[in-house]
Colleague: 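Before we start, here is the structure in question, set down as structure tokens.
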Amino acid sequence: MQATKLIVLTGPSGVGKGTLVRSLLQRHPDLQLSVSATTRAPRPGEVHGQDYWFLARAEFKAAIAAGELLEWAEYAGNYYGTPRQMVSEQFAAGKSVLLEIELAGARQVRAQYDAEIVSIFLLPPSLDELERRLRDRGKDSETAIAKRLARAREEVAAQHEFDWQIINDDLETALQQLETAIYGATSCATADPMSPSA
Ligand SMILES: Nc1ncnc2c1ncn2[C@@H]1O[C@H](COP(=O)(O)OP(=O)(O)OP(=O)(O)O)[C@@H](O)[C@H]1O
Ligand SMILES: Nc1nc2c(ncn2[C@@H]2O[C@H](COP(=O)(O)O)[C@@H](O)[C@H]2O)c(=O)[nH]1
């Protein structure tokens, strides 16, 4: 039986975190994905309570003041945060929880938990490819893409703060390396925690 873990998946916007997490959850229904709160407007098709808890800025600030968020950060003009309750409940029930969050939030989580954490930084094959993915996704304005790319450079520079660095080039290879990071190397391809680095 696997030990309970808090899995922190970080990487620049557009690198493919959400794409990989969807496949991971299909293959590992035991894993619980934390649904974040955000002040960002919903994109077409996004569902309140499923993709995010979409809050007004005042509601978000009230949640911070009430201590309801495990971590939070301002990112590209909006607030994002992890509701504490779901993580505590799942953790208490012995379930591993996956947080898909940006760098400042990941740092806050690592400052609060220690041994139970597996931290993973997902990298694009290149910054040009990251930009291509953000544009091809077609979900963000030019201004938003520019903010996300500027932030990406800072985030990539912090990749070695994480236990694992995984390059999302071939999706299936990255998925297998993610499984290795979370579950160990017994049934998955090996990913060296010290490499690859960008
Ligand atoms: N290995 C890959 N090769 C090519 N395209 C990919 C790969 N992985 C993901 N993509 C594409 O890149 C785009 C961005 O992926 P995704 O939305 O999963 O990124 P993200 O990291 O979750 O972004 P955000 O943090 O903004 O939510 C999507 O269009 C997705 O289909
Ligand atoms: N610190 C946190 N970051 C979060 C959280 N939920 C999502 N995110 C990160 O925000 C950016 C932008 O997301 P998008 O959905 O607007 O593209 C991305 O890096 C997410 O990983 C959170 O709860 N806390």
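First listed ligand is number 1; within each ligand, the first listed atom is number 1.
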Colleague: For atom 19 (O) of ligand 1, what is the nearest protein heavy atom, given as residue, atom name and distance?
Modeller: G16 N, 3.1 Å

Colleague: If you measure from the Lys or Arg side-chain nitrogens to the Asp or Glu carboxylate oxygens, is any gap between R110 and E161 under 4.0 Å?
Modeller: yes

Colleague: At what distance is the nearest protein heavy atom to atom 17 (O) of ligand 2, and which residue and atom is it?
Modeller: R148 NH1, 2.7 Å

Colleague: In terms of residue, atom name and distance, what is the protein heavy atom nearest to atom 24 (N) of ligand 2?
Modeller: E71 OE2, 2.7 Å

Colleague: Less than 4.0 angstrom from a charged side-chain N to a carboxylate O is my criterion; do R151 and E102 meet it?
Modeller: yes

Colleague: Which class fits the ring pair Y183 and H28: parallel under 30°, tilted 30 to 60°, perpendicular over 60°?
Modeller: parallel

Colleague: Tell me the nearest of E100, K17, R133, R22 to atom 7 (C) of ligand 1, using heavy-atom distances.
Modeller: R133

Colleague: Return the closest protein heavy atom for atom 18 (C) of ligand 2 as residue, atom name and distance.
Modeller: K17 NZ, 4.1 Å

Colleague: One residue to check: E102. Relative to ligand 1, which of side chain, backbone, both or neither has a non-hydrogen atom less than 4.0 Å away?
Modeller: neither

Colleague: Is it the side chain (CB and beyond), the backbone, both or neither of P12 that lies under 4.0 Å from ligand 1, heavy atoms counted?
Modeller: backbone

Colleague: Thinking salt bridges, do K147 and D140 make one under a 4.0 Å N-O criterion?
Modeller: no

Colleague: Nearest protein heavy-atom contact for atom 13 (O) of ligand 2: which residue, which atom, what distance?
Modeller: Y52 OH, 3.3 Å

Colleague: Using a 3.5 Å cut-off on N or O atoms only, is A37 in polar contact with ligand 2?
Modeller: no

Colleague: Pairs in or reaching into residues 19-40: which pass salt bridge (charged side-chain N to carboxylate O under 4.0 Å, His left out), with residues at least two apart or in two chains?
Modeller: R27-E172, R27-E179, R40-E46

Colleague: Of I167, T19, T173, N168, which has the heavy atom at the shortest distance from atom 8 (N) of ligand 1?
Modeller: N168

Colleague: Non-hydrogen atoms of R43 versus ligand 2: any pair closer than 4.0 Å?
Modeller: yes

Colleague: Decide, yes or no, whether a salt bridge links E74 with R57 under the criterion of side-chain N to carboxylate O below 4.0 Å.
Modeller: yes

Colleague: Report the part of E102 in contact with ligand 2, treating N, CA, C, O as backbone and CB onward as side chain, heavy atoms under 4.0 Å; options are side chain, backbone, both, neither.
Modeller: both

Colleague: Answer with side chain, backbone, both or neither: which part of Y80 has a heavy atom less than 4.0 angstrom from an atom of ligand 2?
Modeller: both

Colleague: Out of E129, R40, K139, R137, who gets a non-hydrogen atom closest to atom 27 (O) of ligand 1?
Modeller: R137

Colleague: With a cutoff of 4.0 Å, is A104 in contact with ligand 2, counting heavy atoms of the residue only?
Modeller: no

Colleague: For S36, is at least one N or O under 3.5 Å away from an N or O on ligand 2?
Modeller: yes

Colleague: When you look for heavy atoms under 4.0 Å from ligand 1, do you find them on the side chain of D169, its backbone, both, or neither?
Modeller: backbone

Colleague: What part of E74, side chain from CB on, backbone N/CA/C/O, both or neither, has a heavy atom under 4.0 Å from ligand 2?
Modeller: neither

